[in-house]
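Quick caveat: nothing in here was measured; it's all calculated off a predicted structure. Labels below follow one simple rule: chain letters A, B, ... track the order of the sequence lines, proteins then strands, and each chain is numbered from 1.
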Number of protein chains: 2
Amino acid sequence: MDVSAETSLGFRPLYLQVREEITRQLASGRWQPGTMLPSEQELARELGVSQGTVRKALDAMTAERILVRRQGRGTFVAEYEESRILFQFFRLYPDSGERLFPISKVLNLSSATPNPREREALGLDDKATVWRISRLRYHGSELMLRETLSLPGQIFQGLSETEEIPNNVYRLYSQRWGITVTRISEKLKAVSADEVDRAALNCAVGAPLLEIRRIAFDLHKRPVEYRESRCQTETMHYASDLS
Amino acid sequence: MDVSAETSLGFRPLYLQVREEITRQLASGRWQPGTMLPSEQELARELGVSQGTVRKALDAMTAERILVRRQGRGTFVAEYEESRILFQFFRLYPDSGERLFPISKVLNLSSATPNPREREALGLDDKATVWRISRLRYHGSELMLRETLSLPGQIFQGLSETEEIPNNVYRLYSQRWGITVTRISEKLKAVSADEVDRAALNCAVGAPLLEIRRIAFDLHKRPVEYRESRCQTETMHYASDLS
DNA sequence: CAGTGGTCTAGACCACGTA
DNA sequence: ACGTGGTCTAGACCACTGT
C-alpha cells in the first residue's frame, strides 16, 4: 500500500486504503459471493501491511455486511441467502405467528422512459430507460402488498430475456450483473387505497395502506433500484430499530 | 479485571468484561452526561488491563452511542442534545424544506392502571401503575401527530410534581432519574383516523394515519417507555435506513 | 507545548472448525 | 494436528485540541 505523502493534509488511515483496495478487488470479481478470502496473514503480505491493519479493514467490511467472518474457518464474501434478505432488508412482520419469506407473483415486466420520481431516485436523465417490474407479494396465502421495481436499463442489460424474475431479486442482481446491494433507504407514508389498489389487493377504496419508497445502493453507493410498495397492515407491521 | 477460570467453557473476552464494568460505573453515576471519562491509559491502570483492551471496550460503547470520543480532547458521556434526539431517535422528516425539532404541547398527564398493551410492552403486572402523557407535536406551525407516552410509575417516581414536561423527554429521564435511553424499537402500521384523531389532528375521519408503537430501552435493556403516536403523513414521511 | 484519542506494528496465545 | 479468526499486550508514532 502506498502510504507516502501523508502529512497532515489529506491524511487517510492505512486501514481505509486497505478497505478500499479489497472492495475494489471484490467489485472486480476476484472473489465470488460465498467464497473464502485469503487469510489475514496472506492479505497482509499481499498488501504490504501488518495483519492488524488488514483485520481492521475486514472488521469494517464485516460491519457493513459485505463480508462474513467465521472463527476457525475464514472470511467469506456475503451471499444473499433468503434469511439474510428476510432479516436485513425486509422489515414487514406478521403481528403474530411465524415469519415467512414473502412469495412473489410477477404481473408485468416492461421497459419505459423514467418518470420524475424514478429519475430523481436513480439519478437518470430523460434519455435513459428503466425496466419496470410489477408484482404481488404474499405472506403464506395472505396477500400482503403490491409493488413496482424500477431498474436502470443501462445497468441491467438483457433483463427481458430472463426466463423468470425470482423471489429473491437481490441474489439475481448479484449473480447476473455482479451488483451487490449494501444499503437501502426507505420513506414511509400512510396513504388511502385507490382503484388500482382495490383491484390488486382486494381491499376497499380508501382503506389505509403503508406506502414504502425504497432506493437500493450498491458497493459504490450508486442507486441501482427504486421500488414503490403499497402494503396492507391489518395483520402485519413494519419494524424499525433505532440505536 | 478478573480473567481467571476462563478455559473453553464460559469464556468471556476481557474487553467485554471491561465494557460491563464501565457501563456499571456509568449507571451508578460515577460520570454524569457531558463529562469526560479518565483517559484510556488511566482506565487501563485502574482496571489492570492494557490500553488496547480499554480502547476496544470504549469503541464498542461509542458504537452504541453511549459515549462520544473526540480526538485530542477525550471520551465523554453522551448527552441528549436536541440534535442527537432529532437525528437518532426521531425518524419523521418533512417531504421538502428544512427539518425542525418538533415542538410539543402537553394535553394531559395522569396515573393509571396499565392496559394490556402497556403491560406487555413494559413488562408490568396488573398491580403496577403507569404515568400517561398525552401531547401534540408540531413541525413549525404544522400539526404533525398526537401521541401518548406511558411510563412505569415504579421507575418514574414523583413525575406528577414536575412543573412541566419538556420537549425533550429523554433528557428529562436522564437528568431527573438517571435513565439513559439507548435503543428504541418501533412498529408501524397504516390506520384510519377515528373520531379522536379528527378532533385532535383536525383531519377527516377515515384519513390515513401512520401509527407508531415505540418501546424505549435503557442501559440495562429494560423497557422504560411505551409510546403510541398517530401521524399525518401528507407532507411528512418516516425515514428508515437499512444497512 | 502537553495531553488526548487514532493508527500501526509485531508477536504471543486462545477458541473454533475441520480433517 | 493444523489453519483460521479472536483476544491481548506493549510500544511507537501521528493527528487533533487547547493552553
Side-chain angles (χ1 to χ4, degrees), chain A residues 1-22 26 31 34-79, chain B residues 1-22 26 31 34-79:
Chain A
M1 294 260 84
D2 182 13
V3 72
S4 61
E6 302 292 6
T7 319
S8 217
L9 260 88
F11 168 74
R12 205 86 208 294
L14 234 198
Y15 77 92
L16 287 180
Q17 300 176 42
V18 169
R19 189 185 70 177
E20 275 160 24
E21 178 55 29
I22 295 176
L26 200 56
W31 309 290
T35 62
M36 194 175 107
L37 265 65
S39 74
E40 296 180 348
Q41 292 285 4
E42 208 167 319
L43 283 171
R45 266 198 308 279
E46 278 185 27
L47 300 166
V49 300
S50 80
Q51 189 203 4
T53 302
V54 169
R55 171 177 297 267
K56 200 160 179 187
L58 295 181
D59 281 346
M61 297 178 72
T62 301
E64 294 178 77
R65 313 216 207 195
I66 297 170
L67 302 177
V68 176
R69 316 192 74 177
R70 279 179 278 211
Q71 187 172 111
R73 296 189 53 197
T75 303
F76 299 81
V77 184
E79 283 185 283
Chain B
M1 292 260 86
D2 182 12
V3 72
S4 61
E6 301 293 6
T7 319
S8 218
L9 258 90
F11 169 75
R12 206 87 207 293
L14 233 198
Y15 76 91
L16 288 181
Q17 299 176 42
V18 169
R19 189 186 71 177
E20 275 158 25
E21 177 56 30
I22 295 176
L26 200 56
W31 308 291
T35 62
M36 193 176 109
L37 265 64
S39 75
E40 296 180 349
Q41 291 286 3
E42 208 167 318
L43 282 170
R45 266 198 308 279
E46 279 185 26
L47 300 166
V49 300
S50 81
Q51 188 201 5
T53 302
V54 169
R55 170 176 299 268
K56 201 160 178 188
L58 295 181
D59 280 347
M61 296 178 73
T62 301
E64 294 177 77
R65 314 216 206 196
I66 297 169
L67 302 176
V68 176
R69 316 191 72 173
R70 279 180 276 212
Q71 186 173 104
R73 296 188 54 198
T75 303
F76 299 81
V77 183
E79 284 185 284

K.L.:
Just the rounded figure in Å: distance from C1' of C/dT7 to CG of A/Leu47.
P.N.:
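Interatomic distance, CG of A/Leu47 to C1' of C/dT7: 17 Å.
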K.L.:
Please state how far atom CG in B/Leu14 lies from atom C1' in C/dA15, giving the value in whole angstrom units.
P.N.:
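Between C1' of C/dA15 and CG of B/Leu14: 15 Å.
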K.L.:
How would you list, by chain and number, every residue that makes a side chain to side chain contact (heavy atoms under 4.5 Å, CB included) with A/Gln71, sequence neighbours excluded?
P.N.:
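Result, side chain to side chain contact (heavy atoms under 4.5 Å, CB included) vs A/Gln71: none returned.
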K.L.:
Kindly say if A/Thr53 contacts the phosphate of C/dT7, meaning a side-chain N or O under 4.0 Å from OP1 or OP2.
P.N.:
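False: A/Thr53 side-chain N/O out of range (4.0 Å or more) of C/dT7 OP1/OP2.
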K.L.:
Check salt bridge (charged side-chain N to carboxylate O under 4.0 Å, His left out) between A/Arg19 and all other residues, then give those that pass, not counting sequence neighbours.
P.N.:
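Here the qualifying residues are A/Glu64.
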K.L.:
Distances under 3.5 Å only, N/O to N/O: pair up the protein atoms with those of nucleotides 3-6 of chain D.
P.N.:
{"unit_1": "D/dG3", "atom_1": "N2", "unit_2": "A/Gly72", "atom_2": "O", "d": "2.7"}
{"unit_1": "D/dT4", "atom_1": "O2", "unit_2": "A/Gly72", "atom_2": "N", "d": "3.2"}
{"unit_1": "D/dG5", "atom_1": "OP1", "unit_2": "A/Thr75", "atom_2": "OG1", "d": "3.2"}
{"unit_1": "D/dG5", "atom_1": "OP2", "unit_2": "A/Glu40", "atom_2": "N", "d": "3.2"}
{"unit_1": "D/dG6", "atom_1": "OP2", "unit_2": "A/Arg69", "atom_2": "NH1", "d": "3.3"}
{"unit_1": "D/dG6", "atom_1": "O4'", "unit_2": "A/Gln71", "atom_2": "NE2", "d": "2.9"}
{"unit_1": "D/dG6", "atom_1": "N7", "unit_2": "A/Arg55", "atom_2": "NH2", "d": "2.9"}

K.L.:
Would you give the length of the straight line joining atom CE of B/Met61 to atom CD1 of B/Ile22, rounded to the nearest 0.5 angstrom?
P.N.:
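Rounded to the nearest 0.5 Å, the CE-CD1 separation comes to 6.0 Å.
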K.L.:
Does A/Glu79 have any salt bridge (charged side-chain N to carboxylate O under 4.0 Å, His left out) partners at least two apart in sequence or in another chain, and if so, which?
P.N.:
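Per chain and number, A/Glu79 pairs via salt bridge (charged side-chain N to carboxylate O under 4.0 Å, His left out) with no residue.
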K.L.:
Who are the salt bridge (charged side-chain N to carboxylate O under 4.0 Å, His left out) partners of B/Glu20, not counting sequence neighbours?
P.N.:
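Applying salt bridge (charged side-chain N to carboxylate O under 4.0 Å, His left out) to B/Glu20 gives B/Arg12.
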K.L.:
Taking only residues two or more places apart in sequence, or in another chain, which ones meet A/Pro38 in a side chain to side chain contact (heavy atoms under 4.5 Å, CB included)?
P.N.:
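For A/Pro38, the residues satisfying side chain to side chain contact (heavy atoms under 4.5 Å, CB included) (neighbours in sequence not counted) are A/Arg30, A/Trp31, A/Glu42, A/Leu43, A/Glu46.
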K.L.:
Given atom CG of A/Leu16 and atom C1' of D/dC14, what is their separation to the nearest angstrom?
P.N.:
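From A/Leu16 CG to D/dC14 C1': 15 Å.
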K.L.:
Provide, to the nearest angstrom, the distance between the CZ atom belonging to B/Phe11 and the P atom belonging to C/dG17.
P.N.:
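In whole Å, C/dG17 P and B/Phe11 CZ are 13 Å from each other.
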